[in-house]
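For clarity, every value in this text was computed on a predicted model and none was experimentally measured. Hydrogens, waters and symmetry mates play no part in the numbers below; they use all other heavy atoms, side chains included.
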Amino acid sequence: MGGVLRGTQDDGQRPEPVGGQGPTRFSVWRIAVLVLTIVSILLTAAIALPHLLTSQSRHHDVSSQHRKPQDSSPSTLEHADGYTPEGEIQLPGMKAGDHVVKTLKTDASERYVYWTTGTERTTALTIAGARHGSDQGNSVTIDITLRRRAAMVNGTPHISEDGVIDATSAGLIGNGTTSNTNNFNTLLQLLPKESTITLSFPEGHFAFTGVLNMVSNLNILGTPGKTYVQMPAGTVGDMVIWYPTGGAKAYDGTHDVSWKNITFQGDYRNLTPTQTIFQSVMHASDISFDNCTFDMIQRPFGHILDVDGSTGVTVRNSTVIGSPNRGQTFKEAFQMDLAALGASGYYDKETVFNNLPTTHMTIENNRFLPLRSESGRLLLPAAAPFGTHMAYAKTPEDESYIRFGTFTGNYVENAAAFEGAGTENSAVIHFDAADDITISDNTFVWTGETPQPSWAVAFYSRSHRMVKPKAWHGITITGNTFKNFSPRRGAFVLYQEPDSVTVPGPSVSQVTVAHNSFEGTPRRIGLLWQREYFRRFIVTHDQHILGHGNTVDGDIHLEDRTDDQ
């Protein structure tokens with residue numbers, strides 16, 4: 001149609017009569033051409049108009065998406081997102097042409113817009129600490145570079161009356177590629193020290209690199225199933241969430257930190273983790289995780305939570321997916337250990353290593369799942385859930401015992417096969433030098449897709465480097481269900497080595513192994529456990545630990561006695 005229209009409009013020639021036709025015939029022909037022309041124009045417009053509107057709309061969207069504040073004029077930045085300039089502020093050594101403008105918006109964090117019309121240079125900007133009631137945080141000084149192109153940095157965060165900061169209004173970006181580490185660490189340093197502050201994250205992928213330095217009295221709150229903490233897409237390496245000790249020697253380092261509704265998202269290549277996130281908790285207290293997901297973030301030779309010399313660490317209602325594909329695969333997802341050099345995966349120059357044991361660590365109502373493909377095929381087993389595999393304290397004193405660990409109400413499916421079948425690390429739950437440990441009401445499942453560990457639970461003290469306990473006590477293993485669990489080496493083992501205690505003779509007390517059920521265990525294995533109870537079902541060295549109420553498929557009773565222990 002476009003060609004017809006262009007031909008009619010451009011040639012300017014008047015049609016000649018054809019075959020001696022008269023004026024009437026000629027007029028009719030001209031009218032017909034005119035009508036066709038009008039129809040063509042209308043049809044072309046009708047076809048083109050929707051495409052034109054779509055094109056204009058798409059152009060508007062694209063231009064608005066790429067109109068980043070950093071690419072705009074100073075005036076545009078000063079008024080972006082509803083902000084208004086309060087006035088210029090003076091920095092040390094400011095020169096003619098240098099500009100730093102403070103901008104404000106109701107119930108939002110401050111912003112500073114800065115540029116120069118003179119010589120580009122770096123200077124220092126001091127941001128005032130945030131205030132909540134009468135409590136104000138410390139100020140922080142950052143470097144900014146004055147360039148011809150205006151730029152912007154977030155300043156003091158706005159804290160609502162109920163102590164909430166919106167993460168995005170405070171300058172954190174959830175696009176999955178921009179690292180928020182510097183902004184996050186600066187933000188935390190500005191917070192009031194005594195008030196409990198909630199940093200609320202909306203839906204988004206919030207990327208970080210390097211080390212995040214936590215502070216006390218902080219709640220990290222995400223949007224359920226929609227807030228991700230990760231490394232920038234495409235990068236490879238480790239990210240550390242560190243709880244600074246401030247030189248603490250007891251449980252008085254970082255305290256009262258909670259994470260809720262956060263997905264810690266990792267990545268992997270050839271089934272080996274390539275983006276890992278681990279948290280190093282040292283001399284800390286009251287650190288909790290609720291409704292979080294830890295998805296393929298455990299690094300080879302490391303843990304997800306490395307808890308050393310701390311107390312009151314809790315993980316509830318959360319999910320752990322996958323495990324490392326190389327290294328020491330027996331390493332626990334959640335480790336309960338001592339404040340000892342070599343025990344921690346990260347520390348700073350203020351860290352004190354004094355063999356302080358972790359106490360009161362609770363892992364409850366969580367799921368430990370294997371990594372599966374979209375079709376459901378198992379790719380990697382679940383992580384080793386909980387425990388410790390090395391006690392570094394050089395003293396045998398009771399003060400070095402890990403104490404009051406609780407693992408209850410959890411579901412574990414196809415846990416990792418541990419190193420050295422029959423050794424201390426070949427158990428689902430394994431501890432060195434630990435007392436008052438409760439393992440109750442959990443479900444452990446094997447589907448036949450992975451090798452099984454040799455033991456369900458192991459308590460060991462194995463070498464000259466470790467604490468050799470005077471006695472094991474307060475061990476409670478009750479009400480657990482083991483589905484398709486059938487290792488010949490038995491279910492439970494307590495210090496199998498002859499020299500694993502410092503005091504000879506009876507050295508195990510207050511140990512309960514009761515009301516555990518084994519479903520789907522081959523009958524021959526159940527009968528073997530029944531006949532060789534002390535050698536197969538509960539294995540110790542020169543001790544008779546009596547269990548009662550333990551059954552295989554409900555009809556094989558394993559030492560069904562209630563004798564005093």
Checklist entry - Do the non-hydrogen side-chain atoms of H430 and W455 ever get within less than 4.5 Å of each other? => result no
Checklist entry - Can you name the nearest heavy-atom pair linking L378 to P381, along with the distance? => result CD2-N, 4.1 Å
Checklist entry - Is there side-chain contact between F334 and V307, with heavy atoms separated by less than 4.5 Å? => result no
Checklist outcome for this item: residues 362-385 vs salt bridge (Lys or Arg N to Asp or Glu O under 4.0 Å), sequence neighbours excluded, gives R316-E364, R372-E413, R372-E449
Next on the checklist: Among residues at least two apart in sequence or on other chains, which ones pass ring-ring contact (aromatic ring centres under 6.0 Å, His included) with F201?
Outcome noted: F206
Checklist entry - Do S440 and T408 get their side chains close enough for a donor-acceptor pair, meaning under 3.5 Å? => result yes
Next on the checklist: Restricting to salt bridge (charged side-chain N to carboxylate O under 4.0 Å, His left out), what partner residues turn up for D98, sequence neighbours left out?
Outcome noted: R121
Next on the checklist: Within the structure provided, determine whether F278 and I304 are in side-chain contact (heavy-atom separation under 4.5 Å).
Outcome noted: no
Checklist entry - Taking only residues at least two apart or on different chains, which pairs with a member in residues 294-309 satisfy salt bridge (Lys or Arg N to Asp or Glu O under 4.0 Å)? => result none
Next on the checklist: The criterion is ring-ring contact (aromatic ring centres under 6.0 Å, His included); which residues satisfy it with F353, sequence neighbours excluded?
Outcome noted: Y347
Checklist entry - Under 3.5 Å, is there a donor-acceptor pair linking the side chains of N291 and N317? => result no
Item to check | Closest contact, heavy atoms only, M214 versus L188 | outcome: CA-CD1, 4.1 Å
Checklist outcome for this item: The complete set of side chain to side chain donor-acceptor pair (under 3.5 Å) pairs with one or both residues in residues 197-207, sequence neighbours excluded, reads T198-N219, H205-Q230
Checklist entry - Step by step, would you call T359 with T311 a side chain to side chain donor-acceptor pair (under 3.5 Å)? => result CA-CA 5 Å; T359 72; T311 190; 2.8 Å; yes
Item to check | Partner residues of S373 under the side-chain hydrogen bond (donor to acceptor under 3.5 Å, both in side chains) criterion, sequence neighbours left out | outcome: S375
Next on the checklist: Is the shortest side-chain heavy-atom distance between H303 and D337 below 4.5 Å?
Outcome noted: no
Item to check | Closest approach of I363 to F368 (non-hydrogen atoms, all atoms of both residues) | outcome: CG2-CZ, 4.0 Å
Item to check | Any donor-acceptor N or O pair under 3.5 Å, side chains E194, H132 | outcome: no
Item to check | Contacts of H158 that satisfy ring-ring contact (aromatic ring centres under 6.0 Å, His included) - sequence neighbours left out | outcome: none
Item to check | Any side-chain donor near an acceptor of the partner, T314 and T362, under 3.5 Å | outcome: no
Next on the checklist: Please enumerate all residues that pass side chain to side chain contact (heavy atoms under 4.5 Å, CB included) together with I89, with sequence neighbours excluded.
Outcome noted: L91, V100, K102, Y112, L125
Item to check | Any donor-acceptor N or O pair under 3.5 Å, side chains T126, S139 | outcome: no
Next on the checklist: For A284 versus V281, what's the shortest heavy-atom pair and its separation?
Outcome noted: CB-CG1, 3.5 Å
Checklist entry - Quick check, are the ring centers of F482 and F444 under 6.0 angstrom apart? => result yes
Next on the checklist: Give me the atom names and distance for the closest heavy-atom approach of P385 to V428.
Outcome noted: CD-O, 3.4 Å
Next on the checklist: Quick one about D143 and T122 (side-chain donor to acceptor, distance below 3.5 Å, no hydrogens or angles considered), yes or no?
Outcome noted: no
Checklist entry - Without hydrogens or angle criteria, can the side chains of S109 and N154 be said to hold a donor-acceptor pair below 3.5 Å? => result no
Checklist entry - Do M239 and Q275 have side chains that get closer than 4.5 Å, going by heavy atoms? => result no
Checklist entry - Does the ring centre of F431 sit less than 6.0 Å away from the ring centre of F407? => result no
Next on the checklist: Once ring-ring contact (aromatic ring centres under 6.0 Å, His included) is applied, do any residues pair with H79, and if so which ones, sequence neighbours excluded?
Outcome noted: none
Next on the checklist: Side chains of N183 and T186 only: does a donor on one sit below 3.5 Å from an acceptor on the other?
Outcome noted: no
Item to check | N175: side-chain hydrogen bond (donor to acceptor under 3.5 Å, both in side chains) partners, not counting sequence neighbours | outcome: T177, T178
Next on the checklist: Among I159, D166, L187, V164, exactly one meets side-chain contact (heavy atoms from CB on, under 4.5 Å) together with L199. Which residue is that?
Outcome noted: L187
Item to check | Where at least one partner belongs to residues 236-255, residue pairs that pass ring pair (Phe, Tyr, Trp, His ring centres under 6.0 Å), sequence neighbours excluded | outcome: W242-Y346
